[in-house]
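The structure under discussion appears below in the form of structure tokens.
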Amino acid sequence: MSRFDHFDFLAPLYDRVIRIPEDDRLGELLGLPIEGRLLDAGGGTGRIAEGLKDRVAHLTIADASLPMLRKAHEKACCDVAGAHTERLPFAEDSFDRVIVIDAYHHLGDQPESLREFVRVLNPGGWLVIEEPDIDHFGVKLVALAEKVAFMRSHFERAEQIARRLEAMDVSVEIAREGHNYWVVATKV
């Protein structure tokens, strides 16, 4: 059982409550459309994958929450894999794009997850991490609420993620808009 399964009650409500990012912005950051494979790591119910399914040849969601993955499976938009991001069940160089949308702060071992994202990414492939920027007051309130709900969230600044990725010989850019940031990395 995953540490996220005790939040079973969230799966049916998740798509109604959590906003969906603008497909155009994400598509631009991902260089879509592509004929390759995309991994939505921590993709939950498939709310993001569903909007991208027509712009990639093959789409997979990996998530530790089985209730969330059941919702994604019902949408029939992609393959699903029950997995922690620290131990992805995919071969090296398996994906052309890896996305982590509003999920990085929920990962148990963020540095190990980054290593896994880079490992499964094809050379020349792109990793895009979208996160709320903890330097914004509203995001600080969300972080506090998640702590009160025992969600074990750990928000990091974009620069910290970028430094970790650069140490893996990955080129990195940071983009910001509103209360979000994107870390966009390319595997050499």
Side-chain angles (χ1 to χ4, degrees), residues 2-4 7 10 14-15 17-32 38-52 59-65 68 72 83-86 88 95 97-121 125-168 170-187:
S2 163
R3 69 182 174 104
F4 297 106
F7 292 108
L10 284 178
Y14 194 77
D15 289 343
V17 175
I18 304 298
R19 71 163 187 84
I20 297 174
E22 294 178 37
D23 284 344
D24 292 341
R25 177 70 167 146
L26 187 56
E28 174 188 322
L29 290 166
L30 288 167
L32 298 181
L38 184 143
L39 172 64
D40 185 352
T45 63
R47 68 187 175 95
I48 304 301
E50 193 171 33
L52 300 175
L59 193 59
T60 301
I61 294 175
D63 200 282
S65 172
M68 294 283 203
H84 291 273
T85 56
E86 297 90 345
L88 293 170
F95 295 93
R97 303 289 187 272
V98 175
I99 60 172
V100 186
I101 307 300
D102 196 23
Y104 186 80
H105 60 278
H106 293 297
L107 304 181
D109 186 338
Q110 293 165 330
E112 186 59 31
S113 295
L114 287 176
R115 283 188 282 280
E116 279 293 280
F117 301 150
V118 172
R119 181 187 68 78
V120 302
L121 196 60
W126 300 355
L127 164 64
V128 175
I129 298 172
E130 177 185 319
E131 276 288 288
D133 190 339
I134 194 63
D135 289 329
H136 286 261
F137 180 72
V139 176
K140 288 180 184 186
L141 291 176
V142 169
L144 178 61
E146 289 190 6
K147 290 236 184 273
V148 169
F150 302 107
M151 294 181 77
R152 300 185 199 167
S153 302
H154 178 73
F155 291 80
E156 290 189 343
R157 289 178 173 79
E159 293 76 15
Q160 185 173 5
I161 297 170
R163 280 192 300 274
R164 286 185 181 151
L165 287 167
E166 288 166 346
M168 296 177 219
V170 175
S171 66
V172 181
E173 294 180 24
I174 297 171
R176 288 185 163 78
E177 188 175 304
H179 67 277
N180 286 330
Y181 67 75
W182 294 267
V183 176
V184 182
T186 305
K187 185 175 180 178

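The structure displayed is predicted, hence computed values, not measured ones.
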Checking Q110 side chain against H154 main chain: does a donor-acceptor pair fall under 3.5 Å?
yes
Side-chain contact, heavy-atom cut-off 4.5 Å: E166 with S171?
no
Any side-chain heavy-atom pair of P132 and V142 under 4.5 Å
no
Give me the atom names and distance for the closest heavy-atom approach of I174 to A162.
CD1-CB, 4.0 Å
Shortest non-hydrogen contact from A41 toward A103
O-CB, 4.4 Å
Can you confirm whether E112 is buried at CD, in the sense that more than 12 heavy atoms of other residues, nucleotides or ligands lie under 6.0 Å from that atom?
yes
Which atoms form the tightest heavy-atom contact between T85 and G42, and what is the distance?
CG2-N, 4.3 Å
If we only count heavy atoms from C-beta on, is the R152 to E146 side-chain gap below 4.5 Å?
no
I'd like to check the side chain to side chain donor-acceptor pair (under 3.5 Å) partners of R157; sequence neighbours left out, ordered by chain and number.
D135
Closest non-hydrogen atom pair, D63 against G43
OD2-N, 3.4 Å
Any sub-3.5 Å donor-acceptor pair from D40's side-chain atoms to I61's backbone N or O?
no
Is the H179 ring parallel, tilted or perpendicular to the H136 ring (thresholds 30°, 60°)?
perpendicular
For a side chain to side chain contact (heavy atoms under 4.5 Å, CB included) check, start with the C-alpha distance between V98 and V118, then their side-chain angles and the critical distance, and finish with the verdict.
CA-CA 9 Å; V98 175; V118 172; over 6 Å; no
Residues L26, L52; criterion side chain to side chain contact (heavy atoms under 4.5 Å, CB included); working and verdict
CA-CA 9 Å; L26 187 56; L52 300 175; 4.1 Å; yes
Electrostatic pair E116-R119, nearest N-O below 4.0 angstrom:
yes
Can you see which heavy atom on A158 is nearest to which on Y181, and at what distance?
CB-CD1, 3.4 Å
Assess whether a salt bridge exists between E131 and R176, defined as any Lys/Arg side-chain N lying under 4.0 Å from an Asp/Glu carboxylate O.
no
Compare every heavy atom of G108 with every heavy atom of E86, then report the nearest pair and how far apart it is.
OE2-N, 3.3 Å
How many angstroms lie between CZ in R97 and CG in L59, if you round to the nearest 0.5 Å?
13.0 Å
The test is side chain to side chain contact (heavy atoms under 4.5 Å, CB included); show your working for V170 and L127 and say whether it passes.
CA-CA 10 Å; V170 175; L127 164 64; over 6 Å; no
Test side chain to side chain contact (heavy atoms under 4.5 Å, CB included) applied to Y104 and L114, step by step:
CA-CA 9 Å; Y104 186 80; L114 287 176; 3.5 Å; yes
Once you round to the nearest 0.5 Å, how far does NE2 of H84 lie from OG of S65?
10.0 Å
Across all chains, not counting sequence neighbours, the side-chain contact (heavy atoms from CB on, under 4.5 Å) partners of W182 are R25, L29, V128, E130, A175, E177, N180, V184
Atom OG1 of T186 and atom CD of E173: how far apart are they, to the nearest 0.5 Å?
7.0 Å
Taking the side chain as every heavy atom from C-beta outward, state whether F95 and T60 have any pair of such atoms under 4.5 Å apart.
yes
Look up atom CD1 in I101 and atom CD1 in I48, then write down how far apart they are to the nearest 0.5 Å.
6.0 Å
Under 3.5 Å: donor-acceptor pair, side chain of K187, backbone of G125
no
How many angstroms lie between CZ in R163 and CE in M168, if you round to the nearest 0.5 Å?
13.0 Å
Identified side chain to side chain contact (heavy atoms under 4.5 Å, CB included) partner of E156 from the options I161, L107, V183:
I161
